[in-house]
Amino acid sequence: MGWLEGYVAAITGGANGIGLAVARRYLAEGAAGVAILDRDTSGIATLSDAFPGRVTAIAGDVRDPASHSALIGSAVENHGRLDVLVGNAGVFDFRRPLASYEAGSLGETFDEIFGINLKGYMLAALAARDALSQTGGSMIFTGSVASQYAGGGGILYTAAKHAIVGFIRELARELAPSIRVNGVGPGGTLTSLRGTAALGQQDRSLADNREQLEARLSAAVPLRFAQRPEDHCGLYVLLASRENSPAVTGEMYMSDGGVGIRPL
Ligand code: NAD
């Protein structure tokens, strides 16, 4: 018996990386259905094959409110209810400092990073609120080590990931007692997280040099291993489960290899 028997989840950015691993784990924990919104849904095929009839894919952009209506609508229509929203789609700034921008590129990149990484979460929350209040469900948002520390991203990514902590706290207060709202903050993880179109880096990915990435990530954290998407999934299961985290709301749990205990 899994921890999420009969649950239905909606996940943004669930076609790759951390979101895809969470979808797979939710289904393995007994979820009745998972609806996924992603701008590139090609990565979902193997998941749909492994769990026939339990996966729905919506192609769309998280900056578009209509995509979220379609996501929540498909979860409820195809699977009957909604128990958990996972806001997760994101893009990276490859640690660019403020000084590397001029005003125009700063504005465009701000709009893209905050539009996807923060507004995308708010639009998802807005669309999912009614369906989740009917089931006493919960929301989980993917933050980052950059939600808590400097150096995990550049000026825009870190600012957006810090803002997610404030968003989670405020929304948890607003939606209590009917919906719990929490976050998971992964450290550097072996995924193909991409850059922004504003900087012409939409095809650049963290995984472009996977061996180098793995070596750098494992050297950087006290637990000395490069995290895989699967390493974070237990927290997403725990926070989704009414039985196992009924009193948890407004929190961001770090899953970062121990960055906070790194010696000065
Ligand atoms: P990923 O690229 O494997 O997954 C992100 C998914 O989001 C992709 O499938 C992508 O197509 C989708 N996406 C991006 N922009 C979108 C948009 N505008 N509309 C719809 N879908 C969109 O990367 P990942 O590392 O799994 O990233 C997932 C989350 O984890 C992000 O929020 C990221 O910031 C966060 N995170 C990643 C790391 C890391 O090191 N990989 C560390 C901390 C936090």
Side-chain angles (χ1 to χ4, degrees), residues 10-24 35-45 47 57-68 70-71 86-95 111-121 123-124 140-149 151-154 156-165 167-168 183-198 201-208 210 213-214 216-218 220-221 225-233 235-236 252-257 259:
I11 303 179
T12 73
N16 283 293
I18 295 168
L20 181 61
V22 171
R24 188 179 298 282
I36 291 171
L37 166 62
D38 203 294
R39 62 183 170 189
D40 175 7
T41 55
S42 53
I44 296 169
L47 189 69
I58 302 290
D61 193 296
V62 292
R63 290 165 288 185
D64 172 15
S67 296
H68 295 285
L71 173 69
V86 179
N88 168 78
V91 289
F92 193 46
D93 66 358
F94 292 101
R95 299 194 177 77
D111 287 350
E112 186 169 350
I113 289 189
F114 276 75
I116 295 172
N117 294 14
L118 182 61
K119 188 173 83 175
Y121 286 6
L123 290 171
I140 304 165
F141 297 99
T142 302
S144 168
V145 64
S147 293
Q148 205 152 355
Y149 306 104
L156 290 174
Y157 186 81
T158 299
K161 287 295 186 185
H162 270 62
I164 289 163
V165 175
F167 165 63
I168 286 171
V184 175
T189 305
L190 296 166
T191 73
S192 301
L193 182 63
R194 290 181 186 277
T196 61
Q201 295 187 328
Q202 65 274 24
D203 296 324
R204 181 176 171 192
S205 142
L206 268 188
D208 284 347
R210 200 181 150 102
L213 176 70
E214 193 158 358
R216 188 172 58 72
L217 292 179
S218 49
V221 297
F225 71 96
Q227 294 147 53
R228 299 159 305 136
E230 294 73 21
D231 296 328
H232 309 300
C233 291
L235 279 174
Y236 288 86
M252 162 89 68
Y253 285 92
M254 303 311 287
S255 177
D256 62 7
V259 171

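As the structure lists them, so they are numbered: ligands from 1, and atoms in each ligand from 1. It should be emphasised that the depicted structure is a prediction, and the values quoted were computed from it without experimental measurement.
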Atoms of ligand 1 less than 4.0 Å from [X] heavy atoms?
| X | result |
| --- | --- |
| Ile18 | 26 (O), 30 (O), 37 (C) |
| Tyr121 | 32 (O) |
| Gly188 | 40 (O) |
| Gly17 | 3 (O), 26 (O) |
| Gly187 | 40 (O), 42 (C), 43 (C) |
| Gly60 | 19 (N), 20 (C) |
| Ser192 | 2 (O), 3 (O) |

Is any side-chain heavy atom of Asp256 closer than 4.5 Å to a side-chain heavy atom of Gln148?
-> no

Can you tell which part of [X] has a heavy atom less than 4.0 Å from ligand 1: side chain, backbone, both or neither?
| X | answer |
| --- | --- |
| Asn88 | both |
| Thr191 | side chain |
| Ala89 | both |
| Tyr157 | side chain |
| Leu206 | side chain |

Just by modelled atom types, is the [Y] backbone N or O under 3.5 Å from a matching donor or acceptor in the [X] side chain?
| X | Y | value |
| --- | --- | --- |
| Ser192 | Ala207 | no |
| Glu112 | Ala198 | yes |
| Gln227 | Gly187 | yes |
| Glu214 | Leu190 | no |
| Arg95 | Gly151 | yes |
| Thr41 | Asp38 | no |
| Asn88 | Gly13 | yes |
| Thr189 | Thr191 | no |
| Asp93 | Gly154 | yes |

Under 3.5 Å between any N/O of [X] and any N/O of ligand 1: does that happen in this structure?
| X | value |
| --- | --- |
| Asn117 | no |
| Gly19 | no |
| Asp40 | no |
| Val91 | no |
| Ser144 | no |

Option nearest atom 5 (C) of ligand 1 (shortest heavy-atom distance, choices Ala21, Ser205, Gly90, Gly143) = Gly90

Closest to atom 2 (O) of ligand 1 among Leu193, Asp61, Leu213 (heavy-atom distance) =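 Of the listed residues, Leu193 has the closest heavy atom.
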
Answer yes or no for Lys161: is there a heavy-atom contact with ligand 1 below 4.0 Å?
->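 Flag set, Lys161 near ligand 1.
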
Please write down residue, atom name and distance for the protein heavy atom closest to [atom].
| atom | value |
| --- | --- |
| atom 8 (C) of ligand 1 | Asp38 OD2, 3.5 Å |
| atom 30 (O) of ligand 1 | Thr142 CG2, 3.3 Å |
| atom 7 (O) of ligand 1 | Gly13 CA, 3.4 Å |
| atom 43 (C) of ligand 1 | Pro186 O, 3.2 Å |
| atom 21 (N) of ligand 1 | Arg39 N, 3.2 Å |
| atom 19 (N) of ligand 1 | Val62 N, 3.0 Å |
| atom 40 (O) of ligand 1 | Thr189 N, 2.8 Å |

Separation between [atom1] of [X] and [atom2] of [Y], rounded to the nearest 0.5 Å:
| X | Y | atom1 | atom2 | answer |
| --- | --- | --- | --- | --- |
| Thr196 | Phe92 | OG1 | CZ | 11.0 Å |
| Asn117 | Leu156 | CG | CG | 10.0 Å |
| Arg63 | Asp111 | CZ | CG | 9.5 Å |

Quick one: do Thr142 and Val184 satisfy side-chain contact (heavy atoms from CB on, under 4.5 Å)? Show the steps, please.
-> CA-CA 5 Å; Thr142 302; Val184 175; 5.7 Å; no

Polar side chain donor-acceptor pair, Tyr121 to Thr12, under 3.5 angstrom = no

